[in-house]
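On a predicted model such as this, the values are computed, not experimentally measured, just so you know.
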Amino acid sequence: MESIPRIISVDDHTVEPPHVWSDRLPAKFRDVGPRIVRAPVKELTFVGGRFSPVMGAAGDPGPEADWWIYEDLHRPLTRLDTAVGYSRDEVRLEGITYEQMRPGSYSVPERLADMDRNHVQSALCFPTFPRFCGQTFTEASDRELALLGVRAYNDWMVEEWCGPEAHGRLIPLAVVPLWDAELAAAEVRRNAGRGVRAVCFSEIPPHLGLPSVHTDAWDPFLRACAETRTVIAMHIGSSSRMPSTSADAPAAVGSVITFANCCFSLADWLMSGAFDRFPDLRIMYAEGQIGWIPYTLERADVVWEQNRGWGGVAGKVLRPPSELFAEHVHGCFFDDAFGLRSLDAIGVGNVLYETDYPHSDSTWPRSKEVAEEQMGHLAPDVVERIVRGNAIELLGLTEEGLWAHAAG
């Protein structure tokens, strides 16, 4: 194989620096908006798919961590948020401080340097404190402050994280106020006006107490995304639940089946009628891998063909689900040799590459080597589409793979 082209990663993460909200919220909210404090970790567990931290008081025993404080939420930074640079055996469930993480997690110059080391040209970054679809703000009680928090995050994302210092290499990804579809639509349009082409959404909204995609409740939001060509990006865990099997299952069980929520979500979308109502809508599944997709599409087509009469989709899903997938859905992976052997059943144009920096699953700094090992059987033009070409088309990047507005 010829050398792997420079990668465009569609799933990396930013760890927000402490000043994001304190610099951008109105003065009256700065003492109650999201802020960082240093405190001991009293308890920290991740069992049955549930992350449960308990913050200690000043002077309590236990290791110190930097905690985000917002209303009743106390959320520590953890080693799982930023694991790159540590051996696998050193990556444990523990609280950390900013000084204990790799600076590329939160600082643009260091992030670009780490991208260079990993053969990555550009990256789309999901949130950390707001969580993968901004559900931190959706769960807040003060809606006025929550909306300001959403907008402050998006302003920071566009103006600072993806600002001039990033030279077009960091691609903005917005969050929206999920508690109100009209407000969400307005935020999509506000950010689309400054070149943002992707927005976070929940893989399974009812897990957050929100309407499902089988209703028309999301139509204002979906219409805004379709009309502005804004991609709906759904990350594993964006329903605030990681898949698990039992309340006492260790985290390793959930780690094996992280794709499951994507599988469930895809069935929802394919049987929702949304793609027939909004023909320009595009969605993507981040960190879900792709090897599970062929059977899901096969089964969806069988159900649509044989069971649609009693299955509740005869009048709203007008074409075979596999056709809808080909036109509207993109799967994202970082390490999936089986999926790459199944490209004919998935579609070369429906697959995107990612590095998951700086998480514990990240292939950094070997993402190029992983691609070489797993894509050696593919033609160079197919490799180019997977590692960058499809992302350029989907996210409206320049031919060079840069975010034009930030670069300008």
Side-chain angles (χ1 to χ4, degrees), residues 1-11 203 231-234 236 256-272 274-276 279-308 313 317-356 361 363 367-395 401:
M1 181 193 295
E2 298 178 11
S3 180
I4 296 290
R6 291 286 297 280
I7 296 164
I8 296 177
S9 173
V10 295
D11 171 32
E203 58 204 351
V231 181
I232 296 176
M234 293 171 284
I236 59 167
V256 171
I257 57 174
T258 52
F259 71 91
N261 281 357
C262 299
C263 181
F264 300 158
S265 176
L266 179 60
D268 264 344
W269 280 91
L270 292 178
M271 298 300 181
S272 70
F275 297 137
D276 291 292
D280 293 325
L281 200 62
R282 307 280 283 274
I283 69 174
M284 58 172 268
Y285 288 102
E287 207 173 320
Q289 312 299 354
I290 57 174
W292 54 274
I293 292 175
Y295 174 72
T296 302
L297 295 180
E298 178 183 280
R299 177 61 182 166
D301 278 357
V302 169
V303 169
W304 180 82
E305 183 65 38
Q306 299 183 2
N307 300 338
R308 65 178 179 264
V313 297
V317 181
L318 308 181
R319 289 187 292 151
S322 60
E323 292 185 14
L324 299 175
F325 177 91
E327 294 179 10
H328 298 275
V329 186
H330 303 265
C332 311
F333 78 100
F334 56 82
D335 185 359
D336 190 345
F338 179 82
L340 287 167
R341 294 195 299 270
S342 309
L343 278 181
D344 288 346
I346 301 170
V348 171
N350 299 86
V351 174
L352 306 167
Y353 199 44
E354 60 183 61
T355 78
D356 197 30
D361 263 337
T363 50
S367 299
K368 177 175 180 285
E369 288 75 12
V370 171
E372 290 171 339
E373 293 162 6
Q374 296 189 352
M375 300 185 198
H377 63 293
L378 301 175
D381 65 314
V382 173
V383 174
E384 192 277 338
R385 289 189 68 183
I386 291 171
V387 303
R388 62 182 290 113
N390 290 337
I392 289 173
E393 185 275 329
L394 182 65
L395 298 172

Sub-4.5 Å side-chain heavy-atom contact between I290 and Y285: no
Considering only heavy atoms from C-beta outward, does the side chain of P321 approach that of M271 to under 4.5 Å? yes
Which distance, rounded to the nearest 0.5 Å, do you find between the CG of L340 and the CD of Q289? 9.5 Å
Indicate yes or no: at least one non-hydrogen side-chain atom of W304 is less than 4.5 angstrom from one of V317. yes
Check: T355 side chain, S367 main-chain N or O, donor-acceptor pair, under 3.5 Å: no
Set of side chain to side chain contact (heavy atoms under 4.5 Å, CB included) partners for V256, sequence neighbours left out: none
Test side-chain hydrogen bond (donor to acceptor under 3.5 Å, both in side chains) on T363 and D335 and set out the steps. CA-CA 8 Å; T363 50; D335 185 359; over 6 Å; no
Results of side chain to side chain donor-acceptor pair (under 3.5 Å) for E369 - residues two or more places apart only: none
Answer yes or no: is there a side-chain heavy-atom contact under 4.5 Å between I8 and V387? no
What one should report as the nearest heavy-atom pair of A326 and N350 is O-ND2, 3.1 Å
Could you check whether any side-chain heavy atom of R308 comes within less than 4.5 Å of a side-chain heavy atom of V303, counting everything from C-beta outward? no
Side chains of N307 and V313, heavy atoms from C-beta outward: is any pair under 4.5 Å? no
Here the pair of heavy atoms bringing P5 nearest to V383 is CD-CG1, 4.1 Å
Backbone of G291 reached by a side-chain donor or acceptor of D336 within 3.5 Å: yes
After noting the C-alpha distance and the side-chain angles of F325 and T296, does the key distance pass the side chain to side chain contact (heavy atoms under 4.5 Å, CB included) rule? CA-CA 11 Å; F325 177 91; T296 302; over 6 Å; no
So how far is it from M375 CE to I386 CD1, rounded to the nearest 0.5 Å? 5.0 Å
Pairwise distance CD1(I283) to CG(L394) - rounded to 0.5 angstrom: 11.0 Å
For F333 together with Y353, are the ring centres under 6.0 Å from each other? yes
Do the non-hydrogen side-chain atoms of F334 and S9 ever get within less than 4.5 Å of each other? no
What distance do I293 atom CD1 and L297 atom CG have between them, rounded to the nearest 0.5 Å? 7.0 Å
Please find the pair of heavy atoms, one from P294 and one from I346, that lie closest to each other, and give the distance. CG-CG1, 3.7 Å
S265 and E203 have their tightest heavy-atom pair at OG-O, 2.8 Å
F338 and S342 have their tightest heavy-atom pair at O-OG, 3.0 Å
Using a 3.5 Å distance criterion without hydrogens, assess whether the side chain of N390 forms a donor-acceptor pair with backbone atoms of R385. yes
Shortest non-hydrogen contact between C332 and V10, atoms and distance: SG-CG2, 3.7 Å
With distance as the sole test, does E354 use its side chain to make a donor-acceptor pair with the main-chain N or O of E287 at under 3.5 Å? yes
For E393, salt bridge (Lys or Arg N to Asp or Glu O under 4.0 Å) partners two or more places apart: R282
Side-chain heavy-atom pair V351, H330 within 4.5 angstrom cut-off: no
Report the distance from atom CZ of R319 to atom CG of D276, rounding to the nearest 0.5 Å. 6.5 Å
Would you sort out whether S3 and K368 count as a side chain to side chain contact (heavy atoms under 4.5 Å, CB included), showing the intermediate values? CA-CA 9 Å; S3 180; K368 177 175 180 285; 3.7 Å; yes
Could you give the distance from CG (L281) to NE2 (H328), rounded to the nearest 0.5 Å? 7.5 Å
Please determine whether the number of non-hydrogen atoms from other residues, nucleotides or ligands lying under 6.0 Å from atom CG of D344 exceeds 12. no
Mind running side chain to side chain contact (heavy atoms under 4.5 Å, CB included) on M234 and W269 for me, showing each step along the way? CA-CA 12 Å; M234 293 171 284; W269 280 91; 3.6 Å; yes
